[in-house]
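The structure appears right after this line, and notes come after that.
Reminder, nothing fancy here: chain letters follow the sequence lines and each chain counts from 1.
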Amino acid sequence: MVTRLSTYFLRTLRDDPSDAEVTSHRLLVRAGYIRRQAPGVFAWLPIGLKVKAKIEAIVREEMAAAGAFEVHFPALLPREPFEATGRWEEYGDALFRLQDRKGADYLLAPTHEEVFTLLVKDLYASYKDLPLSIYQIQDKYRDEARPRAGLLRGREFTMKDAYSFDYTDAGLDASYQRQRDAYERIFSRLGLEYVIVKADAGAMGGSQSEEFLHPTPVGEDTFVRSAGGYAANVEAFTTVVPEARPIEGLADAVVHDTPDTPTIQTLVDVANAHHPRDDGRPWTAADTLKNVVLALVALDGTRELVIVGLPGDRDVDLKRIEVAFAPAEVEAATETDFAKNPGLVKGYIGPWSPAGAVLGEESITGIRYLVDPRVVDGTEWITGANEQGRHVFGLVAGRDFTADGVVEASTVVAGDPAPDGSGPVELARGMELGHVFQLGRKFAHALGLKVLDENGKLVTVTMGSYGIGITRVLATIAELNNDDRGLVWPLTVAPFDVHVVATGKDPLVFETAEGISAELESVGLDVLYDDRPKVSPGVKFGDAELIGVPIIVIAGRGVGEGTVEVWDRRTGEREPVAIADAAETVARFRSV
RNA sequence: CGGGGCGUAGCUCAGCUUGGUAGAGCGCCCGGUUUGGGACCGGGAGGUCGCAGGUUCGAAUCCUGUCGCCCCGACCA
């Protein structure tokens, strides 16, 4: 059936909506695809649903090809399964919680691991049933602290989430690989550039995890990559650990007066001015050891101080540190924290003092002390002497102090070596479109999903979880495919295959446009026909450009001479052709 | 949660400083003209000025409180 614009439920806006900043949001609202319902929550209009359905169809095809079966769970779920895995608490404020009339707790699912696991537990009990991959396309809910950028970061969003079930680690590897391969095909078909990066397994638990990031400056994730092929989310980046150096023969540590040096820069200046190195090389920030006081806030609200030591030329990366302490949150220590620990001399904190170790679980303060991986045995540092205005020079790791452990505490900077030896890394921003994840046995264990193996023994199932943000993908495609006049969809996801425009008032124009629409439809194309009477050509052209169907057929002043125009929005090419050749020209344009 | 901005017609906004009958453009309805780049003429419908309280003879405008939204940051399986 040809869709007629005169009666279609579509209304374009002449002005940009005042609450939309990013391009995809602005154009999707203006062209009548979506409407804002609440912050981060959107209603889908017919033309928007069509694009969404096209993306979902591609995903469904590739899921089927990967051997996954589609199911559908409610978005509204009871508390108990999430209680069993601990995620009712772990999710914190990001979880939408609600109660029924009896006061029973429910949630709007942020993701569905628990209920998929329980479904399989309900129905399967034998290794013979495995492997199994099942998925759904369903709306997810996360109460983001600040939804933004329209569909790119909503509180309700559509996600394809797949789950695999195996009873051996090798089986999980294979299932993971199948999903990963499917993702590569999906993003290729959608025409989206992507980088597969190593990801932090995070609070989900599990081992192997990779993200599919679309490189874009507006992305919310920072990742690194090397020319040699290494790619990782900065949160998952691991520092190349230098070789330990011999301690024998190193000079003794010396305490110097370094008045008014609360910052690394002031310290370096004073050190060079008053305590220069013997070898003539100037001191740099990299020679200093910066000790930063942080507070770990556990889920139950308890607060523990921890001190992190890192080279002075590096900044603390709280996100990277948080990976090590998940699910606890990490924040900078407050004045109150310092007041409770008078042993800490702000600006002059260090692990060593003449009276003994100051930092560490076995020290005077008893505060846990962790260092950056670069602080290996035999390295020498300038660091605080735990007295106002004094620093200790030549403090040797492994001789004068030892840490309780190592933590990835520092920011990653361009030029840092990749851990696999593939060269220096560069930093880039990316939008997370997909995530593949080896969950392992965490969920199966918590929920008691076990099967009998070949030997009749109960074994816990191992799982994978695989997500694609459908609505985020849609917004990303819109973000990528537009010009100053509107959207320009790729053929694969365009809401219609061709947009026929009738301009003028000549009945012959409308007859011609009708005929062409019918002909295009008869060869299997989905046609949007602008049959609106008494609407000026400028308005029709403007709407066609805004809506973004890539191929437009214009019936207008040429019909008297037997011609129409076929217009490829993607290239800007407009070609007058005989009416009889219109369908063929459309087909030719579609084939490139 | 910190910082900034904004709530007036369906949409985009003016009016507020200096209180005095609620405005414009677009959109919508009726009639007519127009038809290849967001036409025009005439007539019309449409708003508790976010909400509550206060000051005042009188509040969209001044004061207090409150709610909401947008942007930047923090946060974000």
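Nucleotides of RNA chain B nearest to A:Gly40 and A:Arg557 differ in position, and the one nearer the 5' end is that of A:Arg557. Across the interface with RNA chain B, nearest-nucleotide mapping of A:Thr12 and A:Ala38 shows A:Thr12 to be the residue nearer the 5′ end.
Taking atom C1' in both B:rA9 and B:rC71, the straight-line distance is 26 Å, to the nearest Å. Remark: the separation of the C1' atoms in B:rG54 and B:rU12 is 33 Å, to the nearest Å. Comparing the P positions of B:rC57 and B:rC30 gives a spacing of 49 Å, expressed to the nearest Å. As rounded to the nearest Å, B:rG32 and B:rG19 have C1' atoms that lie 44 Å from one another. Separation of the C1' atoms belonging to B:rG43 and B:rU17 is 38 Å when rounded to the nearest angstrom. If you take atom C1' in B:rC16 and the same atom in B:rG42, they sit 35 Å apart, rounded to whole Å. Taking atom P in both B:rA59 and B:rC63, one finds a spacing of 15 Å when rounded to whole Å. B:rC13 and B:rG73: their P atoms are spaced 22 Å apart (whole Å).
Of all heavy-atom pairs between A:Thr111 and A:Tyr163, the closest is OG1-OH, 3.6 Å. Minimum heavy-atom separation, A:Phe96 to A:Arg155: CZ-NH1, 4.0 Å.
Remark: B:rA22 base-pairs with no nucleotide in the shown strands. Criterion, Watson-Crick or G-U wobble with two distances under 3.5 Å. Under the Watson-Crick and G-U wobble criteria, each requiring two contacts below 3.5 Å, nucleotide B:rG58 is left unpaired. Searching all strands for a Watson-Crick or G-U wobble partner of B:rG42 with both distances below 3.5 Å returns B:rC30. Pairing for B:rG73 is with B:rC1, a Watson-Crick or G-U wobble pair whose two hydrogen-bonding atom distances lie under 3.5 Å. When both distances must be under 3.5 Å, the Watson-Crick or G-U wobble mate of B:rG68 is B:rC6. Across all strands shown, B:rG47 remains unpaired; no Watson-Crick or G-U wobble contact has both distances below 3.5 Å.
Among the heavy atoms of the strands lying under 4.0 Å from A:Arg146 is at least one base atom, whether or not backbone atoms are also near. At the heavy-atom level, A:Ala94 lies nowhere under 4.0 Å from the strands shown.
Atom pair A:Glu565:CD and B:rG36:C1' shows a separation of 8 Å (rounding to whole Å applied). Remark: C1' of B:rC75 and CZ of A:Arg155 are 14 Å apart, rounded to the nearest angstrom. Atom CZ in A:Arg30 sits about 14 Å away from atom P in B:rG27, given to the nearest Å. Rounded to an integer number of Å, the gap from CZ of A:Arg153 to C1' of B:rC76 is 4 Å. As a whole-Å value, the separation of A:Lys540 NZ from B:rU34 C1' is 14 Å. Atom CD of A:Glu220 and atom P of B:rG73 are 10 Å apart (whole Å). Per the geometry, CZ belonging to A:Arg532 stands 10 Å off P belonging to B:rC28, to the nearest Å. Atoms CG (A:Asp543) and C1' (B:rG36) sit 15 Å apart, rounded to a whole Å.
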Start with the C-alpha gap between A:Lys442 and A:Glu113, add the side-chain angles, then the distance that decides, and say whether salt bridge (charged side-chain N to carboxylate O under 4.0 Å, His left out) holds. CA-CA 10 Å; A:Lys442 172 182 170 178; A:Glu113 277 79 6; over 6 Å; no
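Side-chain contact annotation: A:Gln177 with A:Asp181, donor-acceptor N/O pair under 3.5 Å present. For the residue pair A:Asp315 and A:Thr411, no side-chain donor N or O sits within less than 3.5 Å of a side-chain acceptor on the partner.
Between A:Trp489 and A:Tyr33, the angle of the ring planes lies from 30° to 60°, which puts this pair in the tilted group. Using the six-membered ring where Trp is involved, A:Phe541 and A:Trp567 have ring planes that are perpendicular, over 60° apart on the 30 and 60° scheme. Aromatic ring pairs are classed by plane angle as parallel below 30°, tilted from 30° to 60° and perpendicular above 60°; the pair A:His25 and A:Phe42 is perpendicular.
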Acceptor/donor pairs from residues 497-506 of chain A side chains to any protein atom, 3.5 angstrom cut, sequence neighbours excluded:
| unit_1 | atom_1 | unit_2 | atom_2 | d |
| --- | --- | --- | --- | --- |
| A:Asp497 | OD1 | A:Arg590 | NH1 | 3.4 |
| A:Asp497 | OD2 | A:Asp526 | N | 2.7 |
| A:Asp506 | OD1 | A:Leu508 | N | 2.9 |

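A:Lys140 pairs with exactly one of A:Thr471, A:Asp161, A:Ile470 by the side-chain contact (heavy atoms from CB on, under 4.5 Å) rule, that one being A:Asp161.
Side-chain atoms of A:Glu545 lie closest to B:rG37 of the nucleotides B:rG73, B:rG37, B:rC76. Closest approach to the A:Arg36 side chain among B:rG37, B:rC72, B:rC69 is made by B:rC69 (side chain taken as heavy atoms from C-beta onward).
Side chain A:Arg574 to base B:rG37: a donor-acceptor pair is found below 3.5 Å. Looking at A:Arg148, its side chain has no donor and acceptor atom pair within 3.5 Å of the base of B:rC70.
Taking a 6.0 Å sphere around CZ of A:Arg574, one finds it holds more than 12 heavy atoms contributed by other residues, nucleotides or ligands.
For the segment residues 496-512 of chain A, the set of residues with a heavy atom within less than 4.0 Å of an atom of RNA chain B comprises A:Thr503, A:Gly504, A:Lys505, in numerical order.
Between A:Tyr466 and A:Tyr183, the distance from one ring center to the other does not fall under 6.0 angstrom.
Taking 4.0 angstrom as the limit, A:Ser536 places a side-chain polar atom (N or O) nearer than this to OP1 or OP2 of B:rA39.
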Enumerate all atom pairs, one protein N or O and one N or O from nucleotides 4-12 of chain B, separated by less than 3.5 Å.
| unit_1 | atom_1 | unit_2 | atom_2 | d |
| --- | --- | --- | --- | --- |
| B:rU12 | OP1 | A:Ser18 | N | 2.9 |
| B:rU12 | OP1 | A:Ser18 | OG | 3.1 |
| B:rU12 | O4' | A:Asp15 | OD2 | 3.3 |

